[in-house]
S.K.: 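Please see the structure below; I have some questions.
As the structure lists them, so they are numbered: ligands from 1, and atoms in each ligand from 1.
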Amino acid sequence: MIIDPKAALAESLPPLSEQEAIVESNRCLFCFDAPCTRACPTHIDIPRFIKKISTGNLLGSARTILESNLMGASCARVCPVQELCEGACVLGADHKPISIGRLQRYAMDFAYAGNTVIFHPDPPTGKRIAVAGSGPAGLSCAGELARRGHSVTVFEKRPLAGGLSTYGIIALREPMEAALAEVEMIRRLGVEIRTGAELGGNLDIDYLRRSFDAIFLAVGLGSTPDVEIEGEQHIIDGLLYIELSKLDARSLRVGRHVVVIGAGNTAIDCATIAKRLGAERVTMVYRRSEREMTAYAHEYEFIKKEGVEFRFLTKPLRVVMTNGEVSGLECLRMRLGEPDDSGRPAPRPVPGSEFVIAADQIVKAIGQTKPSVAELLHLEIEKGKIRVDEFFETSVSGIYAGGDCIRVKGAASTVMGAQDGKLAARAIHARLTNQGTANG
Ligand SMILES: Cc1cc2nc3c(=O)[nH]c(=O)nc-3n(C[C@H](O)[C@H](O)[C@H](O)COP(=O)(O)OP(=O)(O)OC[C@H]3O[C@@H](n4cnc5c(N)ncnc54)[C@H](O)[C@@H]3O)c2cc1C
Ligand code: SF4
């Protein structure tokens, strides 16, 4: 069977038609003190943007979304809406909740299709801000500051801007073009984006401190850590696997029998790619049980329907090689013991329970390493992440941080990165214009 990778990984939810958007928007009760708005981490005025769709004012609707969240187009696609706005919709109790994510995407796609300038920046303040990292946190902060008239330069180490929205989120949820359209909108606000510029590499912090009035670090996290087993060098990094599937899926070699190590959302994305691009059997291996897995419940349901198998309470021991090729993953069965530091029951080995899962490709998706710039810049850290105060300022005055690189509690997500960037921009603006450090 010949698989067209573009079609196999095409966005899973089709865009709403005009008719569907009007019908869906007219179902909304336009609640006062709307619970959906309260449930959104960026507090988008959801009934207001939906009302504007119902009256055909799509640019006005996009403007309402962007007022609260400059990453509104990405969030429309990738937010776990079941857990957030749609989960809180009053209609959910007896009927289907309003499809808030799809309506948001409808308005944002309309706005970006026309390359429209939605906001005009305030008059120049003469202040300069450097942002390191162009993921949701960096772009949100940069855009908010540019709207307030500041001169902002984003320094990004990769060739393309957009962070994990561009490189890391599976195309089924967010194609690369959607992420890049958002980057363009930030550029149109007057933000300069310099790619190939790595803080701590070819970009020096002292240069930034001399040349800019404030610095915002939005460098995310690092690559996937080692599994620390024999044959490590034959295990593929899950983030790279996803990246290749987005950049050039034809160049991604997918095995016949693929084992994915991990059971979080990234692992599910890797398993989905393998399955959709032709693997006959995909097995996810996790050392704890189904109850402790970190993937969203709806993602778990989705991947089971894709036909992916699970091996819970299973710990990888070594990569098995035959004639120089990967032929399996030797594992050990586990049982759950007393809770560990994370509060979850600790997996304990069952002696003598070794077994081999046949595989010709092994992919690891077991989280990301901590942000390395923290040490480099001598910033205080907390659980490996950059420590910030309530105004997103680090232990060094004038250096702020947000997004995954500061996330100690709660799930790292696009919308939380966008909210951090927005709030940090407000704090930086207040500091640079001597308005105290009020935030909200
Ligand atoms: C596989 C995967 C799937 C995900 N799916 C979802 C999802 O469906 N929904 C959701 O809400 N969230 C999802 N997330 C989480 C979400 O993508 C992140 O929480 C979000 O991107 C964090 O934004 P950020 O700006 O903090 O970091 P990032 O998006 O990681 O961006 C950081 C940027 O900084 C750059 N950078 C790093 N170091 C330097 C340096 N020294 N100098 C200059 N630039 C640097 C990086 O190249 C990158 O572009 C997913 C994450 C992964 C890994
Ligand atoms: S809770 Fe549901 S019905 Fe009420 S405003 Fe929000 S989307 Fe509309």
Side-chain angles (χ1 to χ4, degrees), residues 24-25 27-41 45-51 71 74-75 77-81 83-92 95 97-100 103 130-141 154-170 172-174 179 183 194-203 205 217-222 224 238-239 241-243 264-270 273 296 299 365 367-368 371-373 376-377 401-407 411-418 420-421:
E24 188 63 7
S25 59
R27 274 204 321 122
C28 177
L29 304 177
F30 309 115
C31 305
F32 176 73
D33 193 18
C36 53
T37 290
R38 273 187 275 125
C40 168
D45 189 339
I46 292 169
R48 193 175 158 88
F49 95 70
I50 293 181
K51 180 90 197 166
M71 300 294 105
S74 279
C75 287
R77 290 175 156 86
V78 309
C79 268
V81 286
E83 329 264 328
L84 300 172
C85 53
E86 292 182 16
C89 174
V90 293
L91 290 175
H95 308 274
I98 299 291
S99 299
I100 300 169
L103 285 171
V131 173
S134 68
L139 291 180
S140 165
C141 183
V154 174
F155 297 93
E156 166 56 54
K157 70 174 182 181
R158 306 293 313 264
L160 293 173
L164 289 169
S165 304
T166 297
Y167 287 106
I169 296 187
I170 188 170
L172 283 179
R173 277 202 298 287
E174 182 166 21
V183 172
R194 285 195 212 162
T195 53
E198 180 176 5
L199 180 60
N202 57 357
L203 180 65
I205 187 73
L217 302 175
V219 290
L221 299 174
T224 310
L239 289 176
Y241 204 68
I242 300 172
E243 183 176 321
N265 293 311
T266 306
I268 286 189
D269 288 350
C270 293
I273 290 165
Y296 292 124
E299 292 288 331
Q368 289 176 263
S372 54
V373 295
L376 193 83
L377 305 183
D404 284 3
C405 65
I406 66 158
R407 188 85 47 239
S413 64
T414 301
V415 69
M416 291 307 296
D420 284 2

S.K.: Which of the atoms in ligand 2, numbered in the order shown and given with their element, are less than 4.0 Å from a heavy-atom of Ile100?
M.R.: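 Within the 4.0 Å cut-off of Ile100, ligand 2 contributes 7 (S).
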S.K.: Just going by heavy-atom distances, which of Arg194, Arg173, Arg407 is nearest to atom 5 (N) of ligand 1?
M.R.: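 Selected option, by shortest heavy-atom distance: Arg173.
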S.K.: At the 4.0 Å heavy-atom cut-off, does Ala197 count as touching ligand 1?
M.R.: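 A heavy atom of Ala197 does come that close to ligand 1.
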S.K.: Nearest 0.5 angstrom please: Arg27 CZ to Ser99 OG, how far?
M.R.: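 Spacing of CZ (Arg27) from OG (Ser99) equals 6.5 Å.
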S.K.: Confirm or rule out an N/O/S atom of Cys28, from backbone or side chain, lying less than 2.8 Å from atom 6 (Fe) of ligand 2.
M.R.: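 So Cys28 does not bind atom 6 (Fe) of ligand 2 by this criterion.
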S.K.: Going by the atom numbers of ligand 1, which of them fall below 4.0 Å from some non-hydrogen atom of Phe155?
M.R.: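 Counting from 1, the qualifying ligand atoms are 43 (C), 44 (N).
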S.K.: Taking all atoms of both residues into account, what is the closest heavy-atom pair of Thr166 and Ala179, and its distance?
M.R.: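 Minimum heavy-atom separation between Thr166 and Ala179: OG1-CB, 3.5 Å.
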S.K.: Yes or no: does Gly168 have any heavy atom under 4.0 Å from an atom of ligand 1?
M.R.: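 It does; at least one heavy atom falls under 4.0 Å.
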S.K.: Under 4.0 Å, heavy-atom basis, I'd like to know which part of Thr37 is in contact with ligand 2: side chain, backbone, both or neither.
M.R.: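 For Thr37, there is no contact with ligand 2 at all, from either part.
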S.K.: What residue and heavy atom of the protein are closest to atom 44 (N) of ligand 1, and at what distance?
M.R.: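 Ranked first by proximity to atom 44 (N) of ligand 1 is Lys157 N, 3.2 Å.
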S.K.: Check each of Gly417, Ala218, Gly133, Ala412 against atom 32 (C) of ligand 1 and report the one with the nearest heavy atom.
M.R.: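 Looking at heavy atoms only, the winner is Ala218.
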S.K.: Do any nitrogen or oxygen atoms of Asp404 lie less than 3.5 angstrom from nitrogen or oxygen atoms of ligand 1?
M.R.: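 So ligand 1 has an N or O lying under 3.5 Å from an N or O of Asp404.
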S.K.: Which pair of non-hydrogen atoms, one from Val90 and one from Pro35, has the smallest distance, and what is that distance?
M.R.: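 Distance-wise, the nearest heavy atoms are CG1-CG, 3.7 Å.
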S.K.: Does Thr166 approach ligand 1 within less than 4.0 angstrom via side chain, backbone, both or neither, non-hydrogen atoms only?
M.R.: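 The answer is neither; Thr166 stays 4.0 Å or more away.
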S.K.: Which residue holds the protein heavy atom closest to atom 27 (O) of ligand 1, what is that atom called, and what is the gap in Å?
M.R.: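 Closest protein heavy atom to atom 27 (O) of ligand 1: Gly220 CA, 3.6 Å.
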S.K.: First locate atom CG of Leu29, then atom SG of Cys89, and finally report the distance between them rounded to the nearest 0.5 Å.
M.R.: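 Rounded to the nearest 0.5 Å, the CG-SG separation comes out at 7.0 Å.
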S.K.: Which option wins on minimum heavy-atom distance to atom 47 (O) of ligand 1: Met71, Glu174, Glu156?
M.R.: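 Nearest option to atom 47 (O) of ligand 1, by heavy atoms: Glu156.
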S.K.: Tell me the closest heavy-atom pair linking Leu84 and Pro41, and the distance in Å.
M.R.: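 Minimum heavy-atom separation between Leu84 and Pro41: CD1-CD, 4.1 Å.
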S.K.: I'd like the name of whichever of Leu203, Val219, Thr414 reaches closest to atom 16 (C) of ligand 1 through any heavy atom.
M.R.: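 Result: the heavy atom closest to atom 16 (C) of ligand 1 is in Thr414.
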S.K.: Please check if the side chain of Arg38 supplies one atom and the backbone of Asp33 the other of a donor-acceptor pair under 3.5 Å.
M.R.: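 Confirmed, Arg38 side chain pairs with Asp33 backbone.
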S.K.: Quick one: nearest non-hydrogen protein atom to atom 3 (S) of ligand 2, plus distance?
M.R.: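 So the nearest neighbour among protein heavy atoms is Leu29 N, 3.4 Å.
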S.K.: Please verify whether a non-hydrogen atom of Pro136 lies at under 4.0 Å from ligand 1.
M.R.: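 Contact present.
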S.K.: N/O to N/O below 3.5 Å, does that happen between Pro80 and ligand 1?
M.R.: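 Not met; the criterion fails.
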S.K.: Do any nitrogen or oxygen atoms of Glu198 come within less than 3.5 Å of a nitrogen or oxygen of ligand 1?
M.R.: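 Checking ligand 1 against Glu198, no N or O pair falls under 3.5 Å apart.
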S.K.: In terms of residue, atom name and distance, what is the protein heavy atom nearest to atom 3 (C) of ligand 1?
M.R.: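 Closest protein heavy atom to atom 3 (C) of ligand 1: Asp269 OD2, 3.6 Å.
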S.K.: Near Arg173 CZ, under 6.0 Å, is it more than 12 heavy atoms from other residues, nucleotides or ligands?
M.R.: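 Enclosed.
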S.K.: Nearest to atom 52 (C) of ligand 1, what protein heavy atom do you find, and at what distance?
M.R.: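 Result: Thr266 OG1, 3.8 Å.
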S.K.: Checking Glu299 side chain against Ile268 main chain: does a donor-acceptor pair fall under 3.5 Å?
M.R.: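 Between the backbone of Ile268 and the side chain of Glu299 there is no qualifying donor-acceptor contact (under 3.5 Å).
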S.K.: Would you mind finding which of Leu221, Ile169, Val78 brings a heavy atom closest to atom 6 (C) of ligand 1?
M.R.: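 That would be Ile169.
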S.K.: Report, in ascending order of atom number, the atoms of ligand 2 lying under 4.0 Å from any heavy atom of Cys89.
M.R.: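 Those atoms are 1 (S), 2 (Fe), 3 (S), 7 (S).
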S.K.: Mind checking whether Leu164 has an N or O less than 3.5 Å away from an N or O of ligand 1?
M.R.: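 Yes, since at least one N or O of Leu164 sits under 3.5 Å from an N or O of ligand 1.
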S.K.: For the side chain of Asn265 and the backbone of Tyr296, is there at least one donor-acceptor N/O pair under 3.5 Å apart?
M.R.: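 Here the side-chain-to-backbone pair exists.
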S.K.: Are the side chain of Glu86 and the backbone of Ile100 linked by a donor-acceptor contact shorter than 3.5 Å?
M.R.: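 Answer holds: yes.
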S.K.: Near Cys31, which atoms of ligand 2 are under 4.0 Å from a heavy atom of that residue?
M.R.: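 So the answer, numbered in order with elements, is 1 (S), 3 (S), 4 (Fe), 5 (S).
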S.K.: Over all heavy atoms of both residues, which pair between Pro371 and Val219 is shortest? Give the atoms and the distance, please.
M.R.: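 Answer, listing the atom of Pro371 first, then Val219: CB-CG2, 4.3 Å.
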S.K.: Tell me the nearest of Leu239, Ile268, Ile170 to atom 53 (C) of ligand 1, using heavy-atom distances.
M.R.: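 Going through Leu239, Ile268, Ile170 one by one, Leu239 has the nearest heavy atom to atom 53 (C) of ligand 1.
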S.K.: Could you tell me whether the side chain of Thr414 and the main chain of Cys75 form a donor-acceptor pair under 3.5 Å?
M.R.: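 The answer is no, because no donor-acceptor pair under 3.5 Å joins these two groups.
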S.K.: Numbering the atoms of ligand 1 from 1, which are under 4.0 Å from a heavy atom of Gly403?
M.R.: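 Listed by number with element, the hits are 26 (O).
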S.K.: Considering only protein heavy atoms, which is closest to atom 41 (N) of ligand 1, and at what distance to one decimal place?
M.R.: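 For atom 41 (N) of ligand 1, the nearest protein heavy atom comes out as Leu199 O, 2.9 Å.
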S.K.: Purely on distance, is any nitrogen or oxygen of Gly402 under 3.5 Å from one on ligand 1?
M.R.: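 No; every N/O pair is 3.5 Å or more apart.
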S.K.: Checking Glu156 side chain against Gly133 main chain: does a donor-acceptor pair fall under 3.5 Å?
M.R.: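 Checking the backbone N and O of Gly133 against the side chain of Glu156, no donor-acceptor pair under 3.5 Å is found.
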S.K.: Using every non-hydrogen atom in the two residues, find where Ala411 and Arg407 come nearest and quote the distance to one decimal.
M.R.: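 In terms of heavy atoms, the two residues are closest at O-CD, 4.0 Å.
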S.K.: So if I apply the side chain to side chain contact (heavy atoms under 4.5 Å, CB included) rule between Cys36 and each of Asp45, Ile46, Val81, which one comes out positive?
M.R.: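 That would be Ile46; it is the only one of Asp45, Ile46, Val81 passing the side chain to side chain contact (heavy atoms under 4.5 Å, CB included) with Cys36.
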S.K.: Does ligand 1 come near enough to Ser413 that some N or O of the ligand is less than 3.5 Å from an N or O of the residue?
M.R.: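 The answer is yes, given that Ser413 and ligand 1 share an N or O pair closer than 3.5 Å.
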S.K.: Say whether Val373 and ligand 1 are in contact under the criterion: heavy-atom distance to a ligand atom below 4.0 Å.
M.R.: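 Val373 counts as a contact of ligand 1 under the 4.0 Å cut-off.
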S.K.: Heavy-atom contacts with Ala137 under 4.0 Å: which atoms of ligand 1 show up? List them by number with element.
M.R.: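 Near Ala137, meaning under 4.0 Å from one of its heavy atoms, ligand 1 has 25 (O), 26 (O).
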S.K.: I need the nearest protein heavy-atom contact for atom 6 (Fe) of ligand 2: residue, atom name and distance, please.
M.R.: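 Looking at atom 6 (Fe) of ligand 2, the protein heavy atom closest to it is Cys36 SG, 2.3 Å.
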S.K.: Do any N or O atoms from the side chain of Ser134 and from the backbone of Gly162 form a donor-acceptor pair under 3.5 angstrom?
M.R.: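 Checking the backbone N and O of Gly162 against the side chain of Ser134, a donor-acceptor pair under 3.5 Å is found.
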S.K.: Ignoring hydrogens, what is the shortest heavy-atom contact between Leu160 and Tyr167? Give both atom names and the distance.
M.R.: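 Minimum heavy-atom separation between Leu160 and Tyr167: N-OH, 3.0 Å.
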